[in-house]
Amino acid sequence: MENRENEYLVDMRHITKVFPGVKALDDVSFNLKPGEVHILMGENGAGKSTLMKVLAGAYAPDGGELYISGEKITRFDPVFLQEKGIGIIYQEFNLIPYLNVAENIFIDHMPGKGLLIDRKGMHAKARELLSDMKMKVDTHALAGTIPVAQQQMVEVAKALTHDLKVLIMDEPTAALSGIEIEQLFSIIRSLKEKGIGIIYISHRMQEISQIGDRITIMRDGQYIATHRVEEIGTDEIVSLMVGRKIGNLYQRGERQKGDTILKIEHLCSKKERLQDICMEVHRGEIVGLSGLVGAGRTELARAIFHVDPYEKGTITLKGEEIKQKATVREMIEKGISLIPEDRKRQGLSLILSVSQNIVMASLDSVSSRGWLNRHKENEIVEQYIKELNVSTPGAEQKVNNLSGGNQQKVVLAKWLATQAEVIIFDEPTRGIDVGAKKEVYSFMDNLAKEGKAIIMISSDMPEVLGMSDRIYVMRDRRIVKELNASQATQEIILSYALEGARGEEQDDKN
Amino acid sequence: MIKIKQVLHRIPLLIWFILLLVIIFSTRSSQYLTYRNLLILLQQGAVLLIVASAATFVIISGGLDLSLGAILTLGGIAAALAVTAGLPVPLVFLIGALTGAVCGGVNGFFISYCNLPPFITTLGTQGIFYGLALVLTNKEGIVIYDEAFLKIGATLDRKIPMAFICCLLLYIIIIFIQDRTRFGRYLYAIGGNAEGARLSGVHTRFWKFMIYAFAGLITGLAAVILTSRLEVADPIVGKKWEFEAICCAILGGTSMNIGKGDVKGTILGVALLTIIRSGMNVIRIPSIWQPAILGTILILSIVFEVRASMKEEK
């Protein structure tokens, strides 16, 4: 063999992993050089996470070999591989909310003598680590109270306390906004300079060229291809991922803009600090709600849906003014749906079945005097499973066992079953694969064509531009701009979303 | 052949364990596996089945009710007072149920509308309910002489006891409520993901309140039957019932924290507990030792059950 031992930090050769009934990894090879960002892409269920869990020692492979810095690894144990320099940041953060930042960073090896912790030393070291990353985080703050972006930085710092050679990041930008993503990228670049190799899992196309050096694509547990990032275009990546040409991702049929169905005037809320929100939505259109994380988009949606209270302003639905004290149930009855952003925490009950989840918000229509009509229930459930193409072994399957894309379809089904006419989608495609994304888009387009009104909150710029007819941009809890789809570009939206951009009144007419 | 294996595989471990115990006990005493003894077992298990169902409901919803034993006591005393006052049997049941529902409602009010943790709330109300029981009875048991009322719980020779039939009927209704009503669905919805349920338009506060009130209500009904069987309403009769009820629920596959469970499984837990308790007498374990041994067996079975269900989930 040629001398390749020292070239690669990580060299995984012909890795196979079998779970009962599934070949999760089938002869997958993957390698990583020092100081490189290697992007790993594939649809949900392609085997990315399984491969990374093998590398982190969470799973032992059934076949193949793993070398780290040329050394063959035979023990698959998370602590052992951590000692070998592998760090992993999972999609769901693992910080302990009621410990402070420094304690979280040093959770597994707090400095000190005997049983006592050297608190001063620990905080000093933590501050040093964070300032190396150009991060201003109070090391005394409880981890649960700091913003998500900072939590992620703390995760990175935590990984750095070990002698880190390889950092695996699983969809690190999923919860971050534009500026925060930039910050994360600059940290990644400084890690690269130190010779640390980074494996980066993401679904966001635009990040590939921004941060990646090489890209490996997986599909159905198999290795498909590895390319240098500059050699490969988005279309090719997508078709490699799905194994077929996907065509135009965003669907835009002939939508007929109808009369105003939802009108919001001067809405203010003390609790969520919403300020003087005015907007209107027509039948047959998709309205994008853009802005940075924290701009107040989700809060506005929750106020409209009466999950959170508002004190001033009026909401008019189908010409009827809604009472401030109306309940969520009443809003559902009047024809509004809110499809929440966090499907695991807010959208679904993971432990319940597909069927139970689908009828959850519309039990009224499948029951009389409190008793459920099983027949009717099954009918509705089957109808939506078919209509949305949910791939599940059966209606009684627990939602927990479905892939992210199919879970999201169950959430959609649940809210469509309420026969809503105004549907608010909050980050409808977060964390789902391209194939499922396309299905969601064509679904939204169909709803608009049927004359329903859609509000779409999204941090994914191409999605906002590709799907919306009109776009409202929010910043600091107020709406700062309304744009027609034809006049909107990524730059224009961002300039309004960012603070200190051009004045709002200056260019009303473009 | 394969099919038989699959079927065997699907039978819960608990049933094998129960069978094993029955075999052990019956080899130790020829008196054990008799029709008469079976009837006694049915009668003993019947009331526990209802209280354990109440515990199961509360646990599915993500809560806990440590006051069920105290509600059982107070419900029994209310029933006894009603009987002594000469009220007819149906009215006695109504009063028992109402007493239970009010007690459960108090729990529900504090837990749901005041956001108190179920553990501390029901521990507190447990004290209050027992305290009221002492006040109402002046520390003495209320002995009951009313023949019509005592018929419900009477041990009749060679006949299936009325108490068992009543409880079984109630149990079937409870199963229906769990599986076939909106209330049942909300139970799981709240336990599985309360925030998700709220965003789905479920009035989670109201339903959470109702869950505790319902648990109290059926415990109150169970109390009436128990009082009829014991022929006396004793102010400390309910001690340890909440522990046993919760054990039965967990043995039956209900999980303490994720909205998982089924009142249909609870009957297995009740069967196990009833059999162990009666079996200890059969093999002549001294009565002072019985509580410690029972507690140990229950804890161990739960360890077993929890491990088995964790495996299943993986």
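By convention in this document, chain letters (A, B, ...) are assigned in the order of the sequence lines, proteins followed by strands, and residues within each chain are numbered from 1.
- Interface remark: L348(A) contributes backbone atoms only to the contact with chain B (heavy atom separation under 4.5 Å).
- Looking at V359(A), only its side chain comes within 4.5 Å of chain B, counting heavy atoms on both sides.
- Side-chain polar atoms of T266(B) and T56(B) form a donor-acceptor pair below 3.5 angstrom.
- Both the backbone and the side chain of F176(B) come within contact range of chain A, with heavy atoms under 4.5 Å apart.
- In terms of heavy-atom pairs under 4.5 Å with chain B, the best-connected choice from E377(A), M331(A), Q346(A), R345(A) is Q346(A).
- Residue with the most contacts toward chain A among S200(B), G192(B), G196(B): S200(B) (heavy-atom pairs, distance under 4.5 Å).
- Salt bridge absent: K271(A) and E299(A) never bring a charged side-chain N and a carboxylate O closer than 4.0 Å.
- Only the side chain of L352(A) comes within less than 4.5 Å of a heavy atom of chain B; its backbone N, CA, C and O stay farther away.
- For F57(B) and W207(B), the ring centers are positioned 6.0 Å apart or more.
- The candidate from K414(A), E333(A), E330(A), R369(A) with the greatest count of non-hydrogen atom pairs under 4.5 Å with chain B is K414(A).
- The closest side-chain donor-acceptor pair between S61(B) and K208(B), if any, does not fall under 3.5 angstrom.
- For R430(A) and S458(A), the side-chain atoms include no donor-acceptor pair closer than 3.5 Å.
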I would like to know whether N107(B) and T122(B) meet side chain to side chain donor-acceptor pair (under 3.5 Å); could you show each step before the answer?
-> CA-CA 6 Å; N107(B) 286 332; T122(B) 56; 5.8 Å; no
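- Note on N401(A), L338(A), D364(A), T418(A): by heavy-atom pairs under 4.5 Å with chain B, the leading option is D364(A).
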